[in-house]
Amino acid sequence: MPDALKLGFGPFAVPPKGVFIVFCDDRLKFGAATAKALGPAARLVERAAKAERFTGKSGSALDLVLPEGLKAARLVVIGAGKTAALTPKDWLDLGGTAMGKLPASASEATIFADLPGGAMRPQAAAELAQGVRLRAYRFDRYKTKRKADEEPPKSRSVTVAVADVAGSRKADRPRAGVTEGVLLARDLVNEPANVLFPAEFARRAGGLRKLGVAVEVLNVAALQKLGMNALLGVGQGSAHDSRVVVMRWNGSKRGEPPVAFIGKGVCFDTGGVSIKPASGMEDMKGDMAGAACVTGLLHALAARKARVNAVGVVGLVENMPDGKAQRPGDIVKSMSGQTIEIINTDAEGRLVLGDVIWYAAQRFKPKFMVDLATLTGAIIVALGHEYAGMFANDDRLAERLTKAGAATGEQVWRMPLGKEYDKAIDSKFADMKNTGGSRWAGAITAAQFIKRFVDDKIPWAHLDIAGTGFDSRQNEANKSWGSGWGVRLLEKLVAEFYEG
Ligand code: BES
Ligand code: MN
Ligand code: ZN
């Protein structure tokens with residue numbers, strides 16, 4: 001885990017030391033509790049704001065060292081912009097911004113969860129706290145050297161001052177579990193592939209057992225028996241054996257069909273024999289971001305003891321070129337019985353997903369299925385890093401996901417499916433081929449491939465997270481390469497599906 005952050009809630013009180021963090025709106029107005037705590041120091045802020053041309057616009061900050069009239073070592077005023085209609089995502093970002101303004105050397109901070117419109121309600125304060133925790137995350141376990149002024153304190157303690165302490169703690173408890181799930185997903189994505197290969201990923205997923213999740217690990221022999229030859233073909237060139245991990249959280253009635261989440265877990269994607277260019281290939285350690293999200297989600301649901309039945313199934317492989325590796329032209333028989341001609345060994349994610357989706361549907365007959373995969377470069381061309389591509393066979397599920405995306409800031413944009421696209425993956429020699437053969441609509445033909453393994457009676461959505469799972473998806477609540485994208489989105493989806 002990253003350097004320890006101790007986060008707690010307390011009443012509004014002038015902090016006797018540390019960093020004092022407050023919010024103002026774009027007219028430099030404070031909430032009543034903040035104004036009271038600042039006292040005459042409010043005048044100081046006014047003058048400093050003029051000198052610094054600080055206007056309180058969203059995300060900006062004014063930093064005052066040794067503020068006269070206060071005991072705090074530092075006063076940070078954060079602009080919240082227009083505060084009339086803030087969303088949960090805005091509260092989260094305010095927490096992220098606040099944590100971001102904490103100097104690395106600071107060991108104590110107090111954040112006033114207070115705005116001109118009034119003190120933040122428990123839900124808002126809990127979102128803010130989540131933003132603080134998400135922003136505090138860093139992945140630096142492999143750094144053995146640091147410059148002296150970079151040395152972070154052993155532990156940092158942040159107090160979120162609120163009007164309703166008990167209520168805020170209560171609202172925070174489930175949120176904290178979700179945050180843990182996001183941080184677990186980020187850790188998995190950030191780990192290099194020499195550390196995190198399929199068996200090690202499976203071992204870490206096994207850690208969910210202590211939360212009450214049933215975790216099964218299927219090894220190569222078990223996968224052969226099931227006939228998952230499409231998945232096994234991808235992994236056959238690697239020195240690391242493939243695995244499939246099944247995670248089950250039963251928080252609802254026994255026997256009630258679960259909701260299912262399926263993840264692409266390519267621990268490293270060299271492209272295989274259809275090898276990728278060297279430039280940027282190191283990013284392919286993150287080609288298991290879908291599986292990481294599914295694992296983080298199951299952690300989140302179990303940690304917050306969600307009253308839902310959910311399963312997560314992840315297909316874990318490493319795609320390597322080797323004497324034993326799969327070749328273009330090879331034909332494999334998937335678990336579904338359908339045969340696949342391999343055109344490009346770099347279109348491996350769909351081969352993994354085809355088998356794992358089929359397996360999840362057969363075994364669990366889920367109420368709905370969502371798969372996540374860093375599947376295509378083409379989706380990044382289409383949507384950049386702001387939205388994940390969504391493909392669905394069911395309008396209601398698509399709507400629910402769009403709504404959950406707007407609420408959490410993990411946004412999805414629906415893309416089309418259709419038989420014209422499906423035709424592109426018909427093969428001369430087998431039932432289908434693993435690429436469309438042209439560059440055009442690459443994310444769609446990939447989705448069409450997966451759709452051939454989906455029973456249309458089950459609502460299904462495929463999220464292509466190649467643009468959001470890692471790298472550029474940085475914001476106020478995330479400065480990490482691995483984003484943990486999708487955990488909050490799907491947690492929200494599940495909560496609304498069952499409880500809303
Ligand atoms: N893992 C890649 C897709 C990817 C690219 C994810 C960049 C994240 C960032 C996937 O396995 C892949 O190689 N896709 C190919 C498909 C092609 C061979 C049809 C692609 O997108 O080029
Ligand atoms: Mn690939
Ligand atoms: Zn891949």
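These numbers come from the heavy atoms of this one structure, side chains and all, not from hydrogens, waters or symmetry mates. Order of listing sets the numbers, starting from 1, for every ligand and every atom in it. Along the sequence shown, residues are numbered consecutively beginning with 1.
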Check: H240 versus C267: any side-chain heavy-atom pair under 4.5 Å?
Finding: no
Next item on the list: Check the Mn ion (ligand 2) and write out every protein N, O or S atom at under 2.8 Å, as residue and atom.
Entry: D269 OD2, D346 O, D346 OD1, E348 OE1
Next item on the list: With the side chain counted from C-beta on, respond yes when L353 and F449 share a heavy-atom pair under 4.5 Å apart, and no when they do not.
Entry: no
Notebook entry, point to check: Is there a side-chain contact between M99 and R156 (heavy atoms, below 4.5 Å)?
Noted result: yes
Note to self: How close do D395 and R414 get, counting heavy atoms only, and between which atoms?
What the structure shows: OD1-NH1, 2.9 Å
Checklist line | Metal-centred angle, the Zn ion (ligand 3) as apex - NZ of K264, OE2 of E348, 10° resolution | finding: 90°
Checklist line | G409 to K89 - nearest heavy-atom pair and separation | finding: CA-CD, 3.8 Å
Notebook entry, point to check: Shortest non-hydrogen contact from I379 to G467?
Noted result: CG2-N, 4.3 Å
Checklist line | Residue pair M432 / R350, side-chain heavy-atom distance below 4.5 Å | finding: no
Next item on the list: Side-chain contact test, heavy atoms from C-beta onward, threshold under 4.5 Å: evaluate it for D241 versus R243 and give yes or no.
Entry: yes
Note to self: Looking only at N, O or S atoms, which one in D269 sits nearest to the Zn ion (ligand 3)?
What the structure shows: OD2
Check: Is it true that D456 and K451 make a salt bridge, defined as a side-chain N closer than 4.0 Å to a carboxylate O?
Finding: yes
Checklist line | Heavy-atom neighbours of K403 NZ exceed 12 at 6.0 Å | finding: no
Checklist line | Atom name in D287, limited to N/O/S, at shortest distance from the Zn ion (ligand 3) | finding: OD2
Next item on the list: Measure the shortest side-chain to side-chain distance between R146 and D140 over non-hydrogen atoms and say whether it is less than 4.5 angstrom.
Entry: yes
Ligand 1: which protein N/O atoms lie under 3.5 Å from its N/O atoms?
residue: ligand 1; atom: 1 (N); partner: K264; partner atom: NZ; Å: 3.4
residue: ligand 1; atom: 1 (N); partner: D269; partner atom: OD2; Å: 3.3
residue: ligand 1; atom: 1 (N); partner: D287; partner atom: OD1; Å: 2.9
residue: ligand 1; atom: 1 (N); partner: D287; partner atom: OD2; Å: 2.9
residue: ligand 1; atom: 1 (N); partner: T374; partner atom: O; Å: 3.3
residue: ligand 1; atom: 11 (O); partner: K264; partner atom: NZ; Å: 3.2
residue: ligand 1; atom: 11 (O); partner: D269; partner atom: OD2; Å: 2.9
residue: ligand 1; atom: 11 (O); partner: D346; partner atom: O; Å: 3.2
residue: ligand 1; atom: 11 (O); partner: E348; partner atom: OE1; Å: 2.8
residue: ligand 1; atom: 11 (O); partner: E348; partner atom: OE2; Å: 3.0
residue: ligand 1; atom: 13 (O); partner: K276; partner atom: NZ; Å: 2.8
residue: ligand 1; atom: 13 (O); partner: D346; partner atom: O; Å: 3.0
residue: ligand 1; atom: 13 (O); partner: D346; partner atom: OD1; Å: 2.8
residue: ligand 1; atom: 13 (O); partner: D346; partner atom: OD2; Å: 3.2
residue: ligand 1; atom: 14 (N); partner: L375; partner atom: O; Å: 3.4
residue: ligand 1; atom: 21 (O); partner: G377; partner atom: N; Å: 2.7

